[in-house]
Enquirer: 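Questions regarding the structure given below will be posed in turn.
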Amino acid sequence: MDERALDELCINTLRTLAMDAVQHANSGHPGLPMGAAPMAYVLWQRHLRHDPTDPSWIDRDRFVLSAGHGSMLLYALLHLSGYDLSLADLRAFRQWDSKTPGHPEAFMTPGVEATTGPLGQGAANAVGMAMAERALANLINRPGHPLIDHFTYALVSDGDLMEGVAAEAGSLAGHLGLGKLIYLYDANDVTLDGPASLAFSEDVGKRYEAYGWHVQKVDGGDTDLSAIDAAITEAKNRADAPSLIIVHTTIGFGAPTLAGTSKSHGSPLGEAEVAGAKRAYGWDPDRTFEIPVAAREHMAAAVAKGASAREAWLARAEAARANDPEAVGTLELAISGKLPAGWDGDLPRWQVGDSVATRSAAGKAQNAICARIPWLIGGDADLGGSTKTVITGGGTFDGRTGAGRNIHFGVREHAMGAIANGFDYHGGIRPFVATFFCFSDYMRPSVRLAALNRQPIIYVWTHDSVGLGEDGPTHQPVEHLMSLRAMPNLWVVRPGDGNEAAAAWRLAMARTDGPTALILSRQDLPILEGTGEGANDGVARGAYVVAGNGRADAILIATGSELCVAMAARERLGEAGISARVVSMPCWEAFAAQDADYRESVLPSSVRARVAIEAGVTFGWQRWVGERGRVIGIDHFGASAPAPVIFEKLGFTAENLASQVRALLPAAALLGDTQLPL
């Protein structure tokens, strides 16, 4: 069989596997795999450097299927290339507990680099991967010993490039000159509702040229494999800019009546169309999940090629170890996800009588950690001076060399979140990102995917409440704490003073099974009695007793800037002969994860008079205060005024909190032995 016929056989194998899996599941997206198979085949067969026997090899090229709805294209590529993904797994497409879910999920399927499907996310993830490659290369590589030197590829669609997150990320990638980033654009001009021209008529190539990208158009379209090959080769040789390769394809290629239409996008083709497409490919329409021997053998050569590439890299790594064992040791530790000994040895502490905004305290803690962990890097959405997240002496990130640890994301919050996910997908770099808490809304889809994938991203969200003051309700987060607490796997930490802020950074760094959000104050807060000794363990466990360990008539529960209000209210109650316990609860999720005995020791069920105070919506607090407890919160938007005035007007005062406790005590006494749930 000549080379051209063999290429066509392999491409049609990818197409038919996708069609058959979607038809078998009676669910899925057959059109993209059928149209984009040629460009994916050329990339995987002629350019992508990877080892199917070791999907986590750090110097592999990355491939992101940003158009994740076409997941069967990726699964077919993985299966035929020798990854641990069987034909039975392809038959189980979209079924319970299968390794082939409807959209690709990282850490579930070997070889899947990123969880994609929400359009635009994968394109931005790829930008993060390319940035991580540069940052890790700068940290690890030594003259003559380049251990990190690889490309990041993404297959993107019309829908991807309509999304704002892709535009944000593409703009930043061009600005940074990420020469090792290459997009293959499946320009089939069709979306779910019909022709893309219904809503999308811009010249995408010119837009990306304006971003600073190197743009090519494959004139021969999806059938000109040599032109696709040449375009990828040219893109790899452009070290000064990311590349966009536009390939005009036919969605549902080969389907007799549905090719080129939106009807082939998101539904099974139907038996007649599948049969017709197979006939057009020269295949037996009665056979399903067929893999010709020649196609399997040809694509399985990726195993030997990958093993050879990785073995050569291992030899280079050993030579590098002899030259600079510290650099190689740093690489091994960084990609392991473990923390170096003594990483938290320099965390700052404050004394009672001091006063500091938790954003400032957290910034000092962050810098102490960064001094010990060189692979911890991050940035902000044009707010570094306000979020206090600048790494002192870290320099500005350079996309061409990878030097510099401070990333200037610009006003691009959504892409910032997705790029952070890309850093983690890549491995070897621990990212943090920062902005005002109110703008966490702009990041939410990326945060959700980090939580879904249990990625240890650290979010620093400052200006945490109506304490922001005069900027007013547009910038004052009210519902954000509760909405983010509702997200599975995301831990939300709102420290009450400087010592708790340092402990919050310690918790975030130690956590490796999900993202952590640090919610920090703009205004100075007093350092409280008890946090110097109790914050490290108390914050790590989510809640702890700050004052009143003995018998208590009532429990005051607080987070953030309201913790000092609770402490002042306790003094007033004590003057009236009422014994109150103050519980700081900076992280609901960590507290809920503790055993029942610890939770009972902090919130004894025998104490039924409970009042929580937090500058946010009250929804959800009943979990901790019980049906008859009370909550001082804000179930409306804020106001523009100095912060002390806002807090007084809204009842965030020691006098109001003490009054609420006094009003609650007679009712609590009537509850008898009713136990409050923990």
Side-chain angles (χ1 to χ4, degrees), residues 356-366 378-390 407 409-421 431-451 455-469 471 473-487 489-498 500-509 511 514-523 525 539 559-562 585-590 614-617 634 638 643:
V356 62
T358 54
R359 60 170 173 158
S360 299
K364 293 182 183 301
Q366 171 207 298
D380 59 90
D382 197 44
L383 290 169
S386 293
T387 59
K388 309 299 183 184
T389 48
V390 175
I407 303 171
F409 286 100
V411 188
R412 302 183 180 99
E413 294 90 350
H414 195 177
M416 179 174 71
I419 287 169
N421 293 353
F432 67 86
V433 292
T435 188
F436 289 174
F437 190 28
C438 190
F439 303 142
S440 63
D441 280 348
Y442 287 166
M443 302 172 60
R444 194 179 182 94
S446 302
V447 175
R448 180 178 184 271
L449 284 169
Q455 296 181 273
I457 314 299
I458 298 173
Y459 306 109
V460 180
W461 287 327
T462 68
H463 298 58
D464 68 333
S465 73
V466 293
L468 171 63
D471 276 344
T474 61
H475 283 53
Q476 292 169 356
V478 174
E479 74 279 17
H480 299 66
L481 276 166
M482 286 304 177
S483 67
L484 289 164
R485 284 170 178 155
M487 188 179 292
N489 302 334
L490 174 66
W491 284 20
V492 181
V493 190
R494 187 173 184 242
D497 72 356
E500 287 197 352
W505 255 102
R506 187 171 180 270
L507 178 155
M509 288 300 300
R511 187 172 184 235
T516 303
L518 309 184
I519 316 301
L520 307 171
S521 75
R522 176 194 186 220
Q523 71 273 29
L525 301 175
V539 172
T559 75
S561 53
E562 292 70 69
M585 189 180 283
C587 183
W588 287 23
E589 299 80 16
E614 183 174 71
V617 296
I634 311 173

Enquirer: Mind checking the OG1-CG spacing from Thr435 to Leu383? Nearest 0.5 Å is all I need.
Expert: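 Going from the OG1 atom of Thr435 to the CG atom of Leu383 covers 4.5 Å.
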Enquirer: Below 30° counts as parallel, above 60° as perpendicular, anything between as tilted: where do the rings of His475 and Phe439 land?
Expert: perpendicular
Enquirer: Could you give the distance from CG (Leu481) to CD1 (Ile634), rounded to the nearest 0.5 Å?
Expert: 10.0 Å
Enquirer: Which pair of non-hydrogen atoms, one from Gly498 and one from Thr358, has the smallest distance, and what is that distance?
Expert: N-CG2, 4.4 Å
Enquirer: Pair up each side-chain donor or acceptor in residues 458-469 with any protein partner under 3.5 Å, not counting sequence neighbours, and list the distances.
Expert:
from, atom 1, to, atom 2, distance (Å)
Asp464, OD2, Arg494, NE, 2.8
Asp464, OD2, Arg494, NH2, 3.1
Ser465, OG, Gly467, N, 2.9

Enquirer: When rounded to the nearest 0.5 angstrom, what distance separates OG in Ser386 from CZ in Arg359?
Expert: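 Result: 6.0 Å between the selected atoms.
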Enquirer: Any chance you could measure Cys587, atom SG, to Ile519, atom CD1, to the nearest 0.5 Å?
Expert: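 The SG atom of Cys587 sits 10.0 Å away from the CD1 atom of Ile519.
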Enquirer: As an exercise, state the distance from OG1 of Thr516 to CD of Glu589, rounded to the nearest 0.5 Å.
Expert: 9.0 Å
Enquirer: Would you name the heavy atoms of Arg511 and Pro456 that are closest together and state the gap between them?
Expert: O-CB, 3.6 Å
Enquirer: Side chains of Arg444 and Met487, heavy atoms from C-beta outward: is any pair under 4.5 Å?
Expert: yes
Enquirer: Do Ser440 and Leu484 have side-chain heavy atoms sitting under 4.5 Å apart?
Expert: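 They are in contact (side-chain heavy atoms under 4.5 Å apart), so the answer is yes.
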Enquirer: Considering non-hydrogen atoms only, spot the tightest contact between Ala381 and Glu413 and give its length.
Expert: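 In this case the closest contact between Ala381 and Glu413 is CB-CG, 3.8 Å.
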Enquirer: Work out which heavy atom in Ala450 is nearest to a heavy atom in Pro515; give both atom names and the distance.
Expert: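 The answer is O-CD, 3.7 Å.
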Enquirer: Using a 3.5 Å distance criterion without hydrogens, assess whether the side chain of Asn421 forms a donor-acceptor pair with backbone atoms of Ser446.
Expert: yes
Enquirer: What distance do Trp491 atom CH2 and Leu507 atom CG have between them, rounded to the nearest 0.5 Å?
Expert: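 Result: 6.0 Å between the selected atoms.
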Enquirer: List the atom of Gly379, the atom of Met416, and the distance in Å for their closest heavy-atom pair.
Expert: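 The pair with the smallest heavy-atom distance is O-SD, 4.2 Å.
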Enquirer: Evaluate the side-chain proximity of Trp588 to Met482: yes if any heavy-atom separation is below 4.5 Å, no if none is.
Expert: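 Side chain of Met482 against side chain of Trp588, heavy atoms only: contact under 4.5 Å found.
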Enquirer: Give the minimum heavy-atom separation between Ala420 and Pro431, together with the two atoms involved.
Expert: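 Taking every non-hydrogen atom into account, O-CG, 3.5 Å.
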Enquirer: Please enumerate all residues that pass side-chain hydrogen bond (donor to acceptor under 3.5 Å, both in side chains) together with Glu614, with sequence neighbours excluded.
Expert: Arg485, Thr559, Trp621
Enquirer: What residues form a ring-ring contact (aromatic ring centres under 6.0 Å, His included) with His414, not counting sequence neighbours?
Expert: none
